A.B. asks: 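For reference, the structure I am asking about is given below.
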Amino acid sequence: MTALGTTWTRLALLGGARARTEPELCEAALEGDAAAWDALFRLHQRRVLVALLARGVRVDRARDLCQDAWARLIVQQRAGRLRNLTLPGLAIRQALFLAAEENRRARSRRPHLPVHEVEPPADATTFERIVDRDRLARARVVLEGCPPTARRVFERLYAEPGVRHAEVAEELGLSVQRVRQIVCEVRKTLRAALEEGS
Amino acid sequence: MRGHPDAAEIRAWLETGHSAPALEAHLARCGPCAARLEEEARMEEALFEVAEAKPRARPSAAGWALAIVAAAASILLLLGTVTAERTSPSAPPHVDARALDGGVPRDGSVDP
Ligand SMILES: [Zn+2]
């Protein structure tokens with residue numbers, strides 16, 4: 001099944017009168033469809049949340065910033081300033097920008113706050129990658145050395161928004177338990193590769 | 001919630017991103033747990049980056065031949081550029097401000 005096909009299935013599983021593909025949702029969102037914005041938020045919120053947490057944003061703030069980033073995108077769409085939607089990148093950049101802005105404001109209001117309370121996440125506006133090129137290449141080699149099914153499970157779960165274990169299990173003819181086990185093993189292998197020399 | 005969540009519990013929560021008020025409240029006010037959360041989130045983010053990275057190309061024999069020709073051509077081009085730079089004044093480098101700040105203008109608006 002193609003990635004698009006599975007995305008379609010996933011959106012059908014998420015419920016709603018009419019299932020739409022992610023490109024269709026983006027198109028509808030750009031035309032101001034509130035339900036499409038909601039569906040896109042549900043698909044990508046975990047990715048945006050993790051991006052914020054990984055850069056040291058406190059969990060309660062990260063939750064709020066996720067919402068705020070989405071609200072900003074909607075405002076921009078309504079103002080006719082959004083011509084295409086590349087997700088989750090656009091939402092992540094917006095959320096990181098808001099985090100940096102918030103920290104700048106906090107610092108100017110309370111200049112004597114301990115630094116750790118207001119330290120902006122590094123490179124918030126540039127959306128810099130966490131993994132440098134060398135480590136990424138090394139981890140990629142390790143991933144490509146994994147059995148094909150393991151690689152497929154990992155890539156489906158990590159490179160496609162909102163995908164569920166049950167869905168991957170059904171697609172690959174595995175039990176959900178086996179999918180969990182596989183993803184756990186691949187993570188462990190990649191963790192070791194990423195931690196090497198970091 | 002009881003005590004401090006362990007790394008596995010934090011990881012399980014990060015895997016879904018679903019709302020877990022008690023756990024999130026603890027992670028927001030407990031320094032050591034917040035540090036563990038950041039570490040786990042960095043690893044999760046790293047895994048996303050690995051999954052999203054383009055697989056390395058595995059060139060065939062013909063691919064290797066093409067790569068060698070391309071490398072030879074780029075060396076010739078480089079030699080040409082060096083020679084040209086010796087004889088002509090260089091233009092000031094062009095810096096795109098949007099590229100520097102990741103495309104997000106100072107007012108926080110994001111244009112496509
Ligand atoms: Zn704790």
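So that the names make sense, note that chain A is the first sequence line, chain B the second, and so on, each numbered from 1. Remember, it's a predicted structure, so these values are computed and weren't measured experimentally. Atom set for the values below is all heavy atoms of this structure, side chains included, hydrogens, waters and symmetry mates excluded.
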A.B. asks: Counting only non-hydrogen atoms closer than 4.5 Å, does A34(B) touch chain A with its backbone (N, CA, C, O), its side chain (CB onward), both, or neither?
C.D. replies: neither
A.B. asks: Do Y158(A) and E44(B) have side-chain atoms, one donor and one acceptor, less than 3.5 Å apart?
C.D. replies: yes
A.B. asks: Looking at side-chain heavy atoms only, is the closest gap between L194(A) and L47(B) below 4.5 Å?
C.D. replies: yes
A.B. asks: Which atoms of L143(A) are under 4.5 Å from chain B, going by heavy atoms: the side chain, the backbone, both sets, or neither?
C.D. replies: side chain
A.B. asks: Where on E40(B) is there a heavy atom nearer than 4.5 Å to chain A: the side chain, the backbone, both, or neither?
C.D. replies: side chain
A.B. asks: Considering non-hydrogen atoms only, spot the tightest contact between M43(B) and E195(A) and give its length.
C.D. replies: CE-OE2, 3.7 Å
A.B. asks: I'd like to know if E45(B) and R47(A) make a salt bridge, using a cut-off of under 4.0 Å between side-chain N and carboxylate O.
C.D. replies: yes
A.B. asks: Considering only heavy atoms from C-beta outward, does the side chain of V50(B) approach that of V142(A) to under 4.5 Å?
C.D. replies: no
A.B. asks: Determine the option with the most heavy-atom pairs under 4.5 angstrom with chain A, choosing from R42(B), H18(B), E39(B).
C.D. replies: R42(B)
A.B. asks: Between L14(B) and L53(A), is any pair of side-chain heavy atoms under 4.5 Å apart?
C.D. replies: yes
A.B. asks: In Å, rounded to the nearest 0.5 Å, how long is the span from CD of E15(B) to NE2 of H165(A)?
C.D. replies: 5.0 Å
A.B. asks: Hey, is CD on E170(A) packed in by over 12 heavy atoms from elsewhere, all under 6.0 Å?
C.D. replies: no
A.B. asks: Given heavy-atom pairs under 4.5 angstrom as the criterion, report whether the side chain, backbone, both or neither of L37(B) touches chain A.
C.D. replies: side chain
A.B. asks: Taking atom CD as the centre, does E27(A) end up with more than 12 heavy-atom neighbours from other residues, nucleotides or ligands that are less than 6.0 angstrom away?
C.D. replies: no
A.B. asks: What part of R61(A) gets within 4.5 angstrom of chain B, counting heavy atoms only: side chain, backbone, both, or neither?
C.D. replies: neither
A.B. asks: Can you check whether V131(A)'s main-chain N or O pairs, donor with acceptor, with E49(B)'s side chain at less than 3.5 Å?
C.D. replies: yes
A.B. asks: Contact part of I130(A) toward chain B, heavy-atom cut-off under 4.5 Å: side chain, backbone, both or neither?
C.D. replies: both
A.B. asks: Considering only heavy atoms and a distance below 4.5 Å, find which of A41(B), A35(B), A46(B), S19(B) pairs most often with chain A.
C.D. replies: A41(B)
